Each structure stands twice: as C-alpha cells, then as structure tokens.
Amino acid sequence: MPMRTTQRVLISPEAERIVEQLKSRYGELMFHQSGGCCDGSQPMCFEAGEFKVGDSDVLLGYIVGAPFYMSRDQFEYWKHTQLTIDVVPGRGSSFSLEIPMGIRFITRSRLYTAEEEQSLQPLTV
C-alpha cells in the first residue's frame with residue numbers, strides 16, 4: 001500500500017465556503033502569508049497574479065485550487081506544523097479580498113506527528 005502524502009496546508013469548511021464565494025466574484029485566486037508583523041503575518045487572498053511571488057517565497061500547496069505561498073523566512077518558523085486556513089469575524093487592515101465581508105482569514109497550526117513528517121508533500125520553490 002503506498003504511503004499517503006501529508007498536506008502542508010488545509011482549509012476549514014467555513015473558509016472553503018468563503019473562498020468559493022470569492023472565486024465566483026473574482027475568478028482564480030492565490031494566497032500568500034508573509035513574515036511581517038501584525039496583519040502581515042495573516043494569510044492574504046488575492047486575485048491570481050495580483051501578488052508577485054519570488055525567490056523568497058515557497059509554494060506549500062493548494063487550497064480550493066488556489067496556490068498558497070509563504071515567505072521562506074516565515075516558513076522556517078512553521079515548517080514543523082500543518083497549517084489550516086480558517087476564517088473569523090473581524091476586519092483586518094490588509095488588502096486581502098475577504099476584508100470587505102467583515103471577516104478575515106487566519107492560520108491555525110498543529111505539530112506534525114513523526115509519521116506525518118516522513119510523508120510530507122514536497123515543497124515547490
């Protein structure tokens with residue numbers, strides 16, 4: 001039986017519904033989480049191509065078909081955790097597409113088990 005690949009980034013059902021709404025309004029999307037302070041450290045949703053990723057970013061995976069990038073420096077802090085993108089009420093001060101809806105995306109995390117770390121989805125750099 002082949003080993004199952006452990007995904008680095010997941011999405012909650014509530015956040016998935018919001019992403020679907022945003023996709024119906026804006027088309028293809030992308031996510032980026034930088035290493036900035038305050039709102040800069042939250043996941044932000046953009047129209048595909050509206051945020052320029054570069055050598056300092058890694059692609060962790062896809063959520064609802066949208067690529068999820070993280071700055072390499074930030075990833076160093078989070079590399080031992082599985083991320084789940086969720087949504088909560090409140091207004092952040094970022095340029096993320098969900099902000100006018102009165103909600104914001106957040107990242108929840110948990111440490112990988114030893115077995116999960118052995119089967120991590122490869123990074124794309």
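From a predicted model like this one, the values you see are computed outputs, not experimental measurements. Computation of the quantities below employed the complete heavy-atom set of this structure, encompassing side-chain atoms and omitting hydrogens, waters and symmetry-equivalent molecules.
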Transitive ILVMFWY side-chain link Val64 to Leu97, under 4.5 Å: yes

Same cluster (ILVMFWY, side-chain, under 4.5 Å), Tyr62 and Val53: yes

[X] vs [Y] side-chain heavy atoms within contact, under 4.5 Å:
{"X": "Met30", "Y": "Tyr69", "answer": "yes"}
{"X": "Met101", "Y": "Gln21", "answer": "yes"}
{"X": "Ile63", "Y": "Leu10", "answer": "no"}

Nearest 0.5 Å, what's the [atom1]-[atom2] distance between [X] and [Y]?
{"X": "Phe68", "Y": "Arg8", "atom1": "CZ", "atom2": "CZ", "result": "12.5 Å"}
{"X": "Met70", "Y": "Trp78", "atom1": "CE", "atom2": "CH2", "result": "6.0 Å"}
{"X": "Phe46", "Y": "Tyr26", "atom1": "CZ", "atom2": "OH", "result": "12.5 Å"}
{"X": "Lys23", "Y": "Ile18", "atom1": "NZ", "atom2": "CD1", "result": "14.0 Å"}
{"X": "Arg25", "Y": "Glu47", "atom1": "CZ", "atom2": "CD", "result": "9.5 Å"}

Could you pull out the closest heavy-atom pair between [X] and [Y], with the gap in Å?
{"X": "Gln121", "Y": "Thr5", "result": "CA-CG2, 3.4 Å"}
{"X": "Leu60", "Y": "Leu123", "result": "CD2-CD2, 3.5 Å"}
{"X": "Asp57", "Y": "Ser71", "result": "OD1-CA, 3.5 Å"}
{"X": "Gln82", "Y": "Gln7", "result": "NE2-O, 2.7 Å"}
{"X": "Glu117", "Y": "His80", "result": "OE2-ND1, 3.2 Å"}

Pairs meeting criterion ring pair (Phe, Tyr, Trp, His ring centres under 6.0 Å) with involvement of residues 98-122, two or more places apart: Phe31-Phe105

Salt-bridge contact Glu116-Arg110 (side-chain N to carboxylate O under 4.0 Å): yes

side-chain contact (heavy atoms from CB on, under 4.5 Å) assessment of Ile11 paired with Thr84: CA-CA 5 Å; Ile11 190 165; Thr84 300; 5.8 Å; no

Connected-component partners of Val88 among ILVMFWY, side-chain separation under 4.5 Å: Ile106

No-hydrogen, no-angle side-chain donor-acceptor test under 3.5 Å, Thr107 and Gln33: yes

Any side-chain donor near an acceptor of the partner, Thr6 and Ser119, under 3.5 Å: yes

ring-ring contact (aromatic ring centres under 6.0 Å, His included) against Phe75, all qualifying residues, sequence neighbours excluded: none

Residues that Tyr77 engages under side-chain contact (heavy atoms from CB on, under 4.5 Å), provided they are two or more places apart: Gln74

Qualifying residues under side-chain contact (heavy atoms from CB on, under 4.5 Å), relative to Glu14, sequence neighbours excluded: Ser12, Arg17, Asp86, Val87

Derivation and outcome, side-chain contact (heavy atoms from CB on, under 4.5 Å), residues Cys45 and Ser96: CA-CA 5 Å; Cys45 182; Ser96 193; 3.6 Å; yes

Listed partners of Glu28 passing salt bridge (charged side-chain N to carboxylate O under 4.0 Å, His left out), at least two apart: none

Polar side-chain atom of Arg108 near backbone of Ile85 as donor-acceptor pair, under 3.5 Å: no

